[in-house]
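From a predicted model like this one, the values you see are computed outputs, not experimental measurements.
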Amino acid sequence: MTVLFSMPSLTVAECSKEVVSSELSRQGYSYEFLRTDDDGDNVFRLRKDGSSFSLRVETDGDLSLSKFYQNDGFTNDDTARVMESIRYLQVYVDSDDDVAMQYHVAQWGENRCNFDISRNIRMFIQLTDTAERRLRNQS
């Protein structure tokens, strides 16, 4: 008896612009493709609830999400206090004096597109919302 298994195409596909765009559309995200950078990473801008953030997808499936806020006088000491209680999210004041929030997801092993992209985006939104609330409550 031969048993065949069907794997979702995103688990073994290179994370090309087309594959990621298709997944974002399928999940109902509002997005804009910005560019493919010199490293071959595809960069998208996503929008939700009036704010936007960037999604960088490497062809091997690694993800980076970034969001920047106008700094209302926060310091890196303030952002460090926020990071103490929120795992996985980097929060810091960048060289432009904006508050930067970043979340990175590495795919270990074989190259594969991250079929959990929607779950990672939702987690990033939840983390940044929590971090922003905590920053505002410190002042």
* To do: For residues Phe44 and Asn42, report the shortest heavy-atom separation together with the two atoms involved.
  => CE1-CB, 3.7 Å
* Asked: Among side-chain atoms of Ser118 and Arg122, is any donor-acceptor pair under 3.5 angstrom?
  -> yes
* Asked: Between Arg134, Met101, Lys67, which is the residue that forms a side-chain contact (heavy atoms from CB on, under 4.5 Å) with Val91?
  -> Met101
* Quick one: do Glu23 and Arg26 make a salt bridge, cutoff under 4.0 Å? -> yes
* Distance (rounded to the nearest 0.5 Å) between Ile117 CD1 and Arg119 CZ -> 12.0 Å
* Asked: Does a sphere of radius 6.0 Å around CD in Gln70 hold more than 12 heavy atoms from other residues, nucleotides or ligands, not counting ones at 6.0 Å or beyond?
  -> no
* Structure fact -> Value for CG (Leu65) from CG (Leu127), rounded to nearest 0.5 Å, stands at 10.0 Å
* Asked: At what distance, to the nearest 0.5 angstrom, does CZ of Arg81 lie from CG of Leu135?
  -> 9.5 Å
* Ignoring hydrogens and geometry, is there a side-chain-to-backbone donor-acceptor pair from Thr79 to Asn76 under 3.5 Å? -> yes
* Check: Asp41 main-chain N/O paired with Asp39 side-chain donor or acceptor under 3.5 Å -> no
* Any donor and acceptor pair, going by atom type alone, linking the side chain of Asp60 with main-chain N or O of Asp62 inside 3.5 Å? -> yes
* Asked: When Ile, Leu, Val, Met, Phe, Trp and Tyr are grouped by side-chain heavy atoms lying under 4.5 Å apart, directly or through other members, which residues fall in the same group as Tyr92?
  -> none
* **Spatial distance of atom CD (Glu32) from atom CZ (Arg45) [nearest 0.5 Å]** => 5.0 Å
* Asked: Is a side-chain N or O of Asp98 found less than 3.5 angstrom from the main chain of Asp94, in a donor-acceptor match?
  -> no
* **Nearest heavy atoms of Met83 and Gln90, plus distance in Å** => SD-CA, 3.6 Å
* Asked: Taking side chain as C-beta onward, heavy atoms only, is Thr128 less than 4.5 Å from Tyr103?
  -> no
* Does the Asp129 side chain pair with the main chain of Gln126, one donor and one acceptor, at a distance under 3.5 Å? -> no
* To do: For Tyr88, look at atom OH and say whether over 12 heavy atoms of other residues, nucleotides or ligands are found less than 6.0 Å away.
  => no
* Given side chains that start at C-beta, do those of Leu55 and Leu24 come closer than 4.5 Å, heavy atoms only? -> yes
* Side-chain touch Arg136/Asp72, heavy atoms, less than 4.5 angstrom -> yes
* Do Tyr31 side-chain atoms and Ser21 backbone N/O form a donor-acceptor pair below 3.5 Å? -> yes
* Treat each ILVMFWY residue as a node, draw an edge where side-chain heavy atoms are under 4.5 Å apart, and state whether Phe33 and Tyr29 are in one component. => yes
* **Flag side-chain contact, heavy atom, 4.5 Å: Ile121 against Phe53** => yes
